[in-house]
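Residue indices begin at 1 and follow the sequence shown.
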Amino acid sequence: MQDIPVTHGNPDLRIHSYRRAADAGDAGAMVSLASLLMGRGEKAEAETWYRRAADTGDPAAMSLLGHLLDERGEKAEAETWSRRAAEAETWYRRATDTGDPGAMCTLGHLLKRRGEKTEAETWMRRAADAGHSAAMYNLGVLLTERGEKTEAEAWYRRAADNGNPGGMFNLGELLAARGEKAEAETWIRRLADTGRPNAMRFLGHLLDERGEKAEAETWMRRAADAGHPGAMDSLAILLTERGEKTEAETWIRRAAEVGRTTH
């Protein structure tokens, strides 16, 4: 699974982020997108994404698809997917017995998505301790979700030091929130330079806050051109502030169009 930074705030931005990754073939993003859609009651599209992820062999998708089918009475197909999920999990567990940190990370991620967070944390820690950067990031997310920000930051930093993009973004976010803007900018700029739209937008905001309007606009435009709706809105605000209302309205309309595609 790709390392998709946690996106706080507007749920439409989260859906947009997951949809882009899902469209690129990321099974984990497909599952996350489907789960968000389920939460909004959009079960038909959620099922489509669960099926796509399940067809890639993702055991969490298989399990969740099985639950969805079972709830609507399609017992036979539900049992088929649930059985396949159990078989896949068995293989991941066997791989962990060989000390494979990638299998440990995947098993931890699977268990977390299934709600079994205690065992998930155990496997994530084992993988992170073995040097797996995605496990470091995922462990940081799990710790953040339960409010343990100090340890979460330590794992984000280790992940970032190992080149993990999710670790870089979330570390930058934590640093910026407590006022350590210079170091935050260092991490976010490194990520923005790789072409990540959410990092470009974040960097634009950091630059705008300290009055570097020209460079802020450059990064906002790059993120907006890459299809980030939040960046489109932010760029529209910058343009409105200097009286360029026609172009600002164009970006507002584009952001609205992108937002509609997330529903």
Just wondering, are more than 12 heavy atoms of other shown residues or ligands nearer than 6.0 Å to CZ in Arg83?
no
Between atom CD1 of Ile252 and atom CD of Glu257, what is the distance when rounded to the nearest 0.5 Å?
13.0 Å
Minimum heavy-atom distance between Gly204 and Ala216, given as atom pair plus value
O-CB, 3.3 Å
Donor-acceptor contact present, side-chain Thr98 to main-chain Arg94, <3.5 Å
no
So does Gly66 get a backbone contact from the side chain of Asp70, meaning a donor-acceptor N/O pair under 3.5 Å?
no
Going by atom types alone, do Tyr137 and Asn164 pair a side-chain donor with an acceptor below 3.5 Å?
no
CA sep, side-chain torsions, deciding dist, call: Leu68, Met38, side-chain contact (heavy atoms from CB on, under 4.5 Å)
CA-CA 10 Å; Leu68 188 154; Met38 284 290 290; 3.7 Å; yes
Does one hydrophobic cluster hold both Phe202 and Trp187, with members joined at side-chain heavy-atom distances below 4.5 Å?
yes
Considering non-hydrogen atoms only, spot the tightest contact between Ala22 and Leu33 and give its length.
CB-CD2, 4.3 Å
Let me check something: do Leu65 and Met30 share a hydrophobic cluster, defined by ILVMFWY side-chain heavy atoms less than 4.5 Å apart, either directly or through other members?
no
For Glu74, what residues pass the side-chain hydrogen bond (donor to acceptor under 3.5 Å, both in side chains) criterion, not counting sequence neighbours?
Arg72
If you measure from the Lys or Arg side-chain nitrogens to the Asp or Glu carboxylate oxygens, is any gap between Lys75 and Glu79 under 4.0 Å?
no
Okay, side chain of Ser63, backbone of Ala60: is any donor-acceptor separation there less than 3.5 Å?
no
Measuring only between side-chain heavy atoms, which start at C-beta, is Arg93 closer than 4.5 Å to Thr90?
no
From Leu139 CG over to Thr122 OG1, what is the distance, rounded to the nearest 0.5 angstrom?
10.0 Å
So Glu148 and Leu142, side-chain contact (heavy atoms from CB on, under 4.5 Å) or not? Walk me through it.
CA-CA 9 Å; Glu148 298 181 25; Leu142 187 152; over 6 Å; no
Minimum heavy-atom separation for Arg189 to Trp219, with atom names?
NH1-NE1, 4.0 Å
Find out whether Glu121 and Arg146 are in side-chain contact, i.e. whether some heavy atom of one side chain is under 4.5 Å from a heavy atom of the other.
yes
Step-by-step side-chain contact (heavy atoms from CB on, under 4.5 Å) determination, Asn170 to Glu173
CA-CA 5 Å; Asn170 286 12; Glu173 195 171 49; 4.2 Å; yes
Given Leu64 and Val31, is the side-chain contact (heavy atoms from CB on, under 4.5 Å) satisfied, shown in steps?
CA-CA 9 Å; Leu64 292 165; Val31 174; 3.8 Å; yes
State whether the side chain of Tyr156 and the backbone N or O of Gly140 hold a donor-acceptor pair below 3.5 Å, judged by distance alone.
yes
If I take atom CZ from residue Arg157 and atom CG from residue Leu175, how far apart are they, to the nearest 0.5 angstrom?
5.5 Å
When hydrophobic residues are tied together by side-chain contacts of less than 4.5 Å, even through go-betweens, does Leu111 share a cluster with Leu143?
no
Can you name the closest pair of heavy atoms from Ile188 and Ala199 and give their distance?
CG2-O, 3.3 Å
When you measure from the side chain of Ser32 to the backbone of Ala29, do you find a donor-acceptor pair of N or O atoms at a distance under 3.5 Å?
no
Answer with yes or no whether the side chains of Glu87 and Trp91 bring together a donor and an acceptor at under 3.5 Å.
no
4.5 Å side-chain heavy-atom contact, Leu69 and Glu47:
yes
Arg253 versus Thr250: any side-chain heavy-atom pair under 4.5 Å?
yes
Less than 4.0 Å between a side-chain N and a carboxylate O, is that true for Glu77 and Arg51?
yes
How far does CG of Asp193 sit from CG of Leu203, to the nearest 0.5 angstrom?
8.0 Å
Side chains of Lys112 and Asn138 in contact at under 4.5 Å (non-hydrogen atoms):
no
Within the structure provided, determine whether Arg20 and Asp26 are in side-chain contact (heavy-atom separation under 4.5 Å).
no
Heavy-atom closest pair (Met104 atom, Ala127 atom, distance to 0.1 Å) is CB-CB, 3.7 Å
SB check Glu249 Lys245 (cutoff 4.0 Å)
no
Measuring only between side-chain heavy atoms, which start at C-beta, is Met220 closer than 4.5 Å to Met200?
no
For the CZ atom of Arg201 and the NE2 atom of His228, what is their distance to the nearest 0.5 Å?
5.5 Å
Search all heavy atoms of Tyr50 against all heavy atoms of Ala61 and return the closest pair with its distance.
O-CB, 3.7 Å
How many angstroms lie between OG1 in Thr240 and CD in Glu247, if you round to the nearest 0.5 Å?
10.0 Å
